[in-house]
Student: 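Before I ask anything, let me first share the structure, which is written out below as structure tokens.
Index from 1, following the sequence.
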Amino acid sequence: MSAEMRADGGASAARAPREERPGDAWIVALLFALAFGYDTVEAVTNLQQLPLLYVGAGIEASIPWWLLIAQVALPVLLFAAALWIGRRMRLVAKAGVLLVAIAVSAQQSLLAEQLARQIAVTALGG
């Protein structure tokens with residue numbers, strides 16, 4: 001085989017788009033599902049433990065139930081929305097949408113934690 005044939009064969013192979021397998025999208029979705037699952041488990045733990053902290057501090061009337069429930073629901077809703085938005089996209093775009101959704105979920109978790117602290121401080125009179 002001559003060098004010209006190898007160079008041409010390599011160039012045409014490099015230009016051909018890679019075919020995406022459906023399994024690749026499932027693997028990406030599964031990896032992101034683990035991250036969203038961790039956020040959900042963290043939110044359920046907060047739902048169980050934060051009221052105990054408020055009761056122990058004597059401010060049980062100030063438990064932010066709406067915030068705790070929203071914190072559990074939001075990762076699931078964001079994951080479902082990201083899958084729905086990315087359902088017809090190529091793999092990299094779908095992974096990008098899922099990455100944005102997990103970033104929003106993580107940010108929401110941090111903001112909810114800060115808001116719960118502020119509610120507790122206000123209820124304690126500080």
Student: Grouping I, L, V, M, F, W and Y whenever their side-chain heavy atoms are under 4.5 Å apart, do V92 and L99 come out in a common cluster?
Tutor: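 Per the 4.5 Å side-chain linkage, V92 and L99 are not co-clustered.
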Student: Give the cluster check for L47 versus W66: same hydrophobic cluster or not, with ILVMFWY residues linked at side-chain heavy-atom distances below 4.5 Å.
Tutor: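 Yes, because L47 and W66 connect within a single hydrophobic cluster, where side-chain heavy atoms sit under 4.5 Å apart.
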Student: Among V44, T45, N46, which one satisfies side-chain contact (heavy atoms from CB on, under 4.5 Å) with V72?
Tutor: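 Among V44, T45, N46, the one that satisfies the side-chain contact (heavy atoms from CB on, under 4.5 Å) with V72 is V44.
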Student: Are S109 and Q71 packed together at the side-chain level, in the sense that at least one heavy-atom pair is separated by less than 4.5 angstrom?
Tutor: yes
Student: Which heavy atom of L98 sits nearest to which heavy atom of A29, and what is that distance?
Tutor: CD1-CA, 4.4 Å
Student: To the closest 0.5 Å, what do you measure between CG (L78) and CG (L83)?
Tutor: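 The CG atom of L83 is 11.0 Å from CG of L78, to the nearest 0.5 Å.
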Student: With a 4.5 Å cut-off on side-chain heavy-atom distances among I, L, V, M, F, W and Y, is there a chain of contacts connecting W26 to V97?
Tutor: no
Student: Does F36 offer a backbone N or O that forms a donor-acceptor pair with the side chain of T40 under 3.5 Å?
Tutor: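 At least one qualifying donor-acceptor pair exists.
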Student: Would you give the length of the straight line joining atom CG of L77 to atom OG of S105, rounded to the nearest 0.5 angstrom?
Tutor: 10.0 Å
Student: When rounded to the nearest 0.5 angstrom, what distance separates CZ in R21 from CD1 in I27?
Tutor: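 So the gap between those two atoms works out to 7.0 Å.
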Student: Hey, what do you get for NZ (K94) to CG (D24), rounding to the nearest 0.5 Å?
Tutor: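 Rounded to the nearest 0.5 Å, the NZ-CG separation comes to 10.0 Å.
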Student: By the definition side-chain contact (heavy atoms from CB on, under 4.5 Å), identify the one residue from L53, L50, L68 that meets it with I63.
Tutor: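 Among L53, L50, L68, the one meeting side-chain contact (heavy atoms from CB on, under 4.5 Å) with I63 is L68.
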Student: Among the clusters formed by ILVMFWY side chains lying less than 4.5 Å apart, do V28 and V76 turn up in the same one?
Tutor: no
Student: side-chain contact (heavy atoms from CB on, under 4.5 Å), that's the test. Do Y54 and I119 meet it? Break it down for me.
Tutor: CA-CA 10 Å; Y54 277 56; I119 291 170; 4.0 Å; yes
Student: A side-chain contact here means heavy atoms from C-beta on lying under 4.5 Å apart; do W65 and P51 qualify?
Tutor: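 Yes, side chains in contact.
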Student: I need the D39 CG to I102 CD1 distance, nearest 0.5 Å.
Tutor: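 Here the interatomic distance stands at 4.5 Å.
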Student: Just to verify, what does Q118 make a side chain to side chain contact (heavy atoms under 4.5 Å, CB included) with, not counting sequence neighbours?
Tutor: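 Partners of Q118 by the side chain to side chain contact (heavy atoms under 4.5 Å, CB included) criterion, ordered by chain and then number, come out as Q114, L115.
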Student: Spell out, yes or no, whether F32 and L34 are grouped together once hydrophobic residues are joined by side-chain heavy atoms under 4.5 Å, including indirect joins.
Tutor: no
